[in-house]
Amino acid sequence: MTVNFDDETAQRGAMDLVLGVGEPQRVGRFKYFQDGQRWEWSDAVARMHGYEPGTVTPSTELLLQHKHPDDRERVAAVLDRVVSGEPFSSRHRIVDKAGHTRCVIVAGEEMRDDAGAVIGTSGFYVDVTDSLHSDITRVLEAVVDARATIEQAKGVLIAAYGISAERAFDVLVWRSQETNLKVRDLAARFLKAVAGTSSPDTRTHVDHALLTLE
């Protein structure tokens, strides 16, 4: 299970499509594969670290080298979560190849194969170096809100169609492209549209399942 980051424009567009926050050129993707402890960076993430795309092979050691000395111990703990495939979010500083300090928001979640086994972590970087603290808070809140809304919409699709979380997200992305809406906005409208439309029988089944769980 791999992702091709060659088309940077498409990757930026996909991120902006989902979140609708931040400047696209300041957002990039990363992936960590437990098999071989292999990292993948989008072009934007490579540039945040001061490298031209394709000129460096990212690694855990390289990442730690670029963390600000005052943040390195805390980031090492975050990297432990990345390596184990656990969801995380962090705001810290990195020092690029030229010695410039950048402030970044990094968030990730577990990445699974078709059988449901955790194979690594997938996430994104947001370069907020030029942002004020209020802007950073706004971005973090928007990311959290967007993810929560999307997860709720995915849950409805999973329950309705009996599909995987990955396929549910694919459905949302497909409809967002057809409607020219960001995934977050589409998910919010979808949830509003289905709210209160369940039948008494549906609610009875839900009540029974909830109250008889042991």
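Just the heavy atoms: all of them, side chains too, but no hydrogens, waters or symmetry mates, feed the values below. Owing to the predicted nature of the structure, the values given are computational and were not obtained by experimental measurement.
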*Could you walk me through whether Arg112 and Glu110 pass the side-chain contact (heavy atoms from CB on, under 4.5 Å) check?*
CA-CA 6 Å; Arg112 295 177 178 270; Glu110 62 187 17; 2.8 Å; yes

_Could you tell me if the side chain of Val156 sits less than 4.5 Å from the side chain of Phe190, heavy atoms only?_
yes

*asked:* Applying side chain to side chain donor-acceptor pair (under 3.5 Å) to Glu166 and Ser164, what does each step give before you reach the verdict?
replied: CA-CA 5 Å; Glu166 183 178 5; Ser164 68; 5.2 Å; no

*Sub-3.5 Å donor-acceptor pair from the side chain of Asp71 to the main-chain atoms of Arg93, do we have one?*
yes

_A side-chain contact here means heavy atoms from C-beta on lying under 4.5 Å apart; do Phe88 and Thr121 qualify?_
yes

*Around atom CD of Glu86, are there more than 12 heavy atoms of other residues, nucleotides or ligands at under 6.0 Å?*
yes

*Looking at Asp185 and Lys182, does any basic side-chain N land under 4.0 Å from a carboxylate oxygen?*
no

*To the nearest 0.5 angstrom, please state how far the OG atom of Ser59 sits from the CD atom of Gln37.*
9.5 Å

*May I ask whether Val118 and Val82 are part of the same hydrophobic cluster, defined by side-chain heavy atoms of I, L, V, M, F, W, Y residues being less than 4.5 angstrom apart, directly or through others?*
no

*asked:* Side chains of Val104 and Val128, heavy atoms from C-beta outward: is any pair under 4.5 Å?
replied: no

*Check: Glu40 side chain, Tyr32 main-chain N or O, donor-acceptor pair, under 3.5 Å*: no

*Say whether Lys67 and His92, considering side chains only, have a donor N or O and an acceptor N or O under 3.5 Å apart.*
yes

*For the student: nearest non-hydrogen atoms of Met48 and Asp96, plus distance*: O-CB, 3.6 Å

*asked:* I'd like to check Ser90 versus Arg74 (side-chain heavy atoms, cut-off strictly below 4.5 Å). Are they in contact?
replied: yes

*State whether the side chain of Arg184 and the backbone N or O of Arg147 hold a donor-acceptor pair below 3.5 Å, judged by distance alone.*
no

_Non-hydrogen side-chain atoms of Arg47 and Pro53 separated by less than 4.5 Å_ = yes

*Please tell me if the side chains of His49 and Tyr125 come closer than 4.5 Å, counting only heavy atoms from C-beta onward.*
yes

*Do the side chain of Arg72 and the main chain of Leu64 share a donor and acceptor less than 3.5 angstrom apart?*
yes

*About how many Å separate CD1 of Ile94 and NE2 of His100, when rounded to the nearest 0.5 Å?*
12.5 Å

_Donor-acceptor under 3.5 Å (His66 side chain, Val95 main chain)_ = yes

*asked:* With a 3.5 Å distance limit and no angle check, can you tell me whether Arg81 reaches the backbone of Pro87 through a side-chain donor-acceptor pair?
replied: yes

*Any chance CG of Asp70 has more than 12 other-residue heavy atoms, nucleotides or ligands included, within less than 6.0 Å?*
yes

*Is any side-chain heavy atom of Asp35 less than 4.5 Å from a side-chain heavy atom of Ile119?*
no

*Is Glu178 atom CD crowded by more than 12 heavy atoms from other residues, nucleotides or ligands, each under 6.0 Å away?*
yes

_Leu62 vs Tyr51, side-chain contact (heavy atoms from CB on, under 4.5 Å): CA-CA, chis, key distance, verdict_ = CA-CA 12 Å; Leu62 182 66; Tyr51 300 99; 3.6 Å; yes

_Would you say Ile158 ends up clustered with Val171 if hydrophobic residues are merged whenever their side chains have heavy atoms under 4.5 Å apart, either directly or through other cluster members?_
no

*Would you check if Met111 and Lys31 make a side-chain contact, meaning some heavy-atom pair closer than 4.5 Å?*
yes

_Stepwise side-chain contact (heavy atoms from CB on, under 4.5 Å) check, Leu181 with Arg189_ = CA-CA 10 Å; Leu181 291 170; Arg189 293 191 186 187; 3.8 Å; yes

_Does the structure place the NZ or CZ of Arg29 under 6.0 Å from the centre of the six-membered ring of Phe124, at an angle of no more than 45° from the ring's axis?_
no

*asked:* Please check this pair: side chain of Thr129 against backbone of Cys103, looking for a donor-acceptor N/O pair closer than 3.5 Å.
replied: yes

*Transitive ILVMFWY side-chain link Trp174 to Leu191, under 4.5 Å*: yes

_Exam field: side chain Thr179 to backbone Arg175, donor-acceptor pair closer than 3.5 Å_ = yes

_Check the orientation of Phe30 and Trp39. Use parallel for under 30°, tilted for 30 to 60°, and perpendicular for over 60°._
tilted

*Which pair of heavy atoms, one from Gly28 and one from Ala44, lies closest together, and at what distance?*
CA-CB, 3.9 Å

*Closest approach of Leu157 to Ala168 (non-hydrogen atoms, all atoms of both residues)*: CD1-O, 3.6 Å

